[in-house]
Amino acid sequence: MSKGITSKNDDYSQWYNELVTKADLAEHSAVKGCMVIKPYGYSIWEKMQAALDKMFKDTGHSNAYFPLFIPKSFFSKEAAHVEGFATECAVVTHYRLKNDGNGNIIVDPDAKLEEELIVRPTSETIIWNTYRGWIQSYRDLPLLINQWANVVRWEMRTRLFLRTTEFLWQEGHTAHATSAEAVEEAERMLDVYADFAENWMAMPVIKGIKTANERFAGAVETYCIEALMQDGKALQAGTSHFLGQNFAKAFDVKFTSKEGKLDHVWATSWGVSTRLMGALIMAHSDDQGLVLPPKLAPIQVVIVPIYRNDEDLAQISEVAKALVAELKAKNISVKYDDRDTQRPGFKFAEYELKGVPVRVAMGGRDIENGTAEIARRDTREKQTITRDGLAGYIETLLDDIQTNIYSKAYKFRAESIVKVDTYDEFKRLLDEKPGFLSAHWDGTPESEQKIKEETKATIRCIPLDNELEDGICIYSGKPSKQRVLFARAY
RNA sequence: CGGGGUGUAGCGUAGCCCGGUAUCGCGCCACAUUUGGGAUGUGGAGGUCGUAGGUUCGAAUCCUGCCACCCCGACCA
């Protein structure tokens, strides 16, 4: 491991790339655009999955699994949907290889599929085709299903976690008897995502709705949570869609209501992906490496012994192992690193790089004095604490770190939302002080598109709690009823 | 997919212009001394120079195709 990483002030994207690889989260694979998620990175994802999965179950959802492959004909049934995804689909055309006689393995031309299969970029079509057989009556509703899966979107440019050709995610797909109920579901799941982002990832988000330009292909309304990264760029962290009856109509999913009337069902879908890993990294980390919120850190506490000989080590280990037991009893994940192959300074740097929230160092001096040195990753402050009540202190400290990194991110974001009233000011701030720009917009896709072309800033969302306020569009000068949030985005 | 760049040991690199079988650092292995912020010394192992062709007596070096990665655009979670 080489010393140090590029400073995020010098080169933000290089800082990010080095962080991902040097903290052992992921690496590029032999397959273009696809990554290998390494054990340390995957264990963070598993923690995210566990927390989200529980939240889904607590809101009444069940997990299921649908196929990776989608017949091409399914895909074409919803016009907007196919148009939105057509340009980024991987297609399976054959099912067999053969030896061409010259020692080369080739695709067997005789093994062409009658109907090509699309590798799912999202599963609405296969799921709604399936739901047709599951739903007949209002008694079958609501149908609340989630699946954890991989999907493939053939992106032109990829970045570890933020945009990869294959990625992991969850996709919820629900069916309801009424429009209102489906809207309520879409909003409920948006709240779940916001709750997760803020309370687990310690990342403040803005809940909002997307403009028509940014809406999911096939949705009536797209809700989103938008986060702000430390370089002032926005990142869409999760989306929840009210799909109306679009997919029900496309796949002919009808139910008989209490009143005996036949109608198409109302749908939602919602998802978050391994992109959250990228968000987590960029939200809190610094030039020393990752900063992980304690609730998602695979290792919450590491104990490093400092010793001169085996006798010292034996003494320290006794105390350290007792602390390990106390912490484990409090459900804190702790690692006692007594490797003799690395020196303490190396270990300090390594665990800082990996974002372990709390480090405990114990040496001969501490054994004599009945103390330990506690270092917190978020502020890099060190304190000497007495051995009595140490486990309790650490437990409190972990909560404190969780709160502190949220506050820090919240403060940064609050400072990064700026009201702008002229287009010149808008353009100036985008370059000088990137962040969310709150500005009036006339509500037309044309103005939004022009602003995007000229400045690369897009409307991230119309905040759900937006106040109505009369004004004029910064681009067209036409009347506007409310401000929307613009930003350059990942 | 367009423009630019890069590919040499696990990682980072020199050598390429001017062709003669590969340099240095980190890491790795062994031993010793070390251990409160990325240890030091001595010895050692490790390379089809991204890949496939071509030119040549001879290619990391020159030529062509392909692949991958990075940066910048268009597309997007």
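None of these values were measured; they are calculated from a predicted model. We name chains A, B, ... by the order of the sequence lines, and we start the count at 1 in each one.
- In this structure, B:G37 forms no base pair with any nucleotide, since neither Watson-Crick nor G-U wobble geometry is met with both distances under 3.5 Å.
- Backbone-only engagement by A:Gly33 is indicated by non-hydrogen atom pairs under 4.0 Å involving sugar-phosphate atoms exclusively.
- If you look at A:Phe251 and A:Tyr131, their ring centroids are not closer than 6.0 Å.
- The side-chain tip of A:Lys450 does not point at the ring of A:Tyr475 from less than 6.0 angstrom away and within 45° of straight on.
- Of the nucleotides present, B:U6 is the one that pairs with B:A68 by Watson-Crick or G-U wobble criteria, both distances under 3.5 Å.
- Between the CD atom of A:Glu27 and the P atom of B:G10 there is a distance of 13 Å, given to the nearest Å.
- No donor-acceptor pair under 3.5 Å is formed between the side chain of A:His284 and the backbone N or O of A:Val291.
- For the pair A:Glu18 CD and B:C70 P, the interatomic distance rounds to 13 Å; values are reported in whole Å.
- Side chain A:Glu350 to base B:G38: no donor-acceptor pair is found below 3.5 Å.
- Heavy-atom neighbours of A:Lys72 NZ from other residues, nucleotides or ligands within 6.0 Å: at or below the threshold of 12.
- For B:U21, there is no paired nucleotide, since no Watson-Crick or G-U wobble pair has both relevant distances below 3.5 Å.
- Atom CG of A:Asn9 has more than 12 neighbouring heavy atoms from other residues, nucleotides or ligands inside a 6.0 Å radius.
- Look at CZ on A:Arg377: it is 13 Å from C1' on B:G37, rounded to the nearest Å.
- Residues satisfying the salt bridge (charged side-chain N to carboxylate O under 4.0 Å, His left out) test with A:Asp108, not counting sequence neighbours, are A:Arg96.
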(message) Does the protein touch nucleotides 71-77 of chain B at the base, only the backbone, or not at all? Give it as B, S and - per nucleotide, heavy atoms under 4.0 Å.
(response) SBBBBBB

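- Atom C1' of nucleotide B:C11 and atom CG of A:Asp24 are separated by 13 Å, given to the nearest angstrom.
- Closest contact between the side chain of A:Pro344 and the listed nucleotides B:G38, B:C69, B:G36 involves B:G36.
- A cation-pi arrangement is absent between A:Arg153 and A:Phe85 under the rule of less than 6.0 angstrom and at most 45 degrees off the ring axis.
- B:A77 and B:A39 have their C1' atoms separated by 46 Å, given to the nearest Å.
- B:C31 and B:A45: their C1' atoms are spaced 15 Å apart (whole Å).
- With both ends at atom P, the span from B:C28 to B:G10 equals 14 Å, rounded to whole Å.
- Separation of the P atoms belonging to B:G27 and B:U64 is 40 Å when rounded to the nearest angstrom.
- Side-chain atoms of A:Ser285 do not come within 3.5 Å of backbone N or O of A:Met282 as any donor-acceptor pair.
- Across all strands shown, B:U55 forms no Watson-Crick or G-U wobble pair with both distances under 3.5 Å.
- B:U13 and B:G54 have their C1' atoms separated by 29 Å, with the value rounded to a whole Å.
- Applying salt bridge (Lys or Arg N to Asp or Glu O under 4.0 Å) to A:Glu352 and the options A:Arg377, A:Arg376, A:Arg380 leaves one that passes, A:Arg380.
- Nucleotides B:C67 and B:U51 are separated by 15 Å at their P atoms, to the nearest Å.
- Between A:Asp53 and A:Lys57 there is a salt bridge, since at least one side-chain N of the basic residue sits less than 4.0 Å from a carboxylate O of the acidic one.
- Judged by Watson-Crick or G-U wobble contacts below 3.5 Å, the nucleotide B:A30 has B:U42 as its partner.
- In a base pair of the Watson-Crick type (N1 to N3 plus N6-O4 or O6-N4) or a G-U wobble (N1-O2 and O6-N3), with each distance short of 3.5 Å, B:G73 is matched with B:C1.
- For B:U61 and B:A22, the P atoms lie 15 Å apart once the distance is rounded to whole Å.
- For A:Arg339, the salt bridge (charged side-chain N to carboxylate O under 4.0 Å, His left out) partners two or more places apart in sequence, or in a different chain, are A:Asp337, A:Glu350.
- Scanning residues 123-131 of chain A for heavy-atom distances under 4.0 Å to RNA chain B yields an empty list.
- The salt bridge (Lys or Arg N to Asp or Glu O under 4.0 Å) test with A:Glu226 singles out one residue from A:Lys207, A:Lys210, A:Arg413, and that residue is A:Lys210.
- Among the heavy atoms of the strands lying under 4.0 Å from A:Arg359 is at least one base atom, whether or not backbone atoms are also near.
- A:Gln342 has its CD atom 9 Å from the P atom of B:A39, to the nearest Å.
- Only at 4.0 angstrom or more do the heavy atoms of residues 38-55 of chain A sit from any atom of RNA chain B, so none qualifies.
- We find that A:Glu184 and A:Arg188 are joined by a salt bridge, their nearest charged nitrogen and carboxylate oxygen being less than 4.0 Å apart.
- For B:G36, the base has no donor-acceptor partner in the side chain of A:Lys382 [N/O atoms by modelled type, under 3.5 angstrom].
- Going from atom NE2 of A:His28 over to atom P of B:C11 covers 13 Å, rounded to whole Å.
- Non-hydrogen atoms lying under 4.0 Å from RNA chain B are contributed by A:Ile306, A:Tyr307, A:Arg308, all within residues 297-309 of chain A.
- Between A:Asp338 and A:Lys347 there is no salt bridge, since none of the side-chain N atoms of the basic residue sits less than 4.0 Å from a carboxylate O of the acidic one.
- Remark: aromatic rings of A:His241 and A:Tyr223 are distant, center separation not under 6.0 Å.
- Across all strands shown, A:Gly364 has heavy atoms under 4.0 Å from base atoms, whether or not it also approaches the sugar-phosphate.
- Taking the six-membered ring for Trp, A:Trp270 and A:His61 have ring centres closer than 6.0 Å.
- Rounded to the nearest Å, the gap between the P atom of B:G15 and that of B:U55 is 29 Å.
- One can place CZ of A:Phe346 at 18 Å from P of B:U35, the figure rounded to the nearest angstrom.
- Taking only side-chain nitrogens and oxygens, A:Arg343 comes nearer than 4.0 Å to OP1 or OP2 of B:A39.
- Distance, A:Arg365 CZ to B:U35 C1': 13 Å, rounded to whole Å.
- Taking the ring centroids of A:Phe247 and A:His173, they lie at or beyond the 6.0 Å cut-off.
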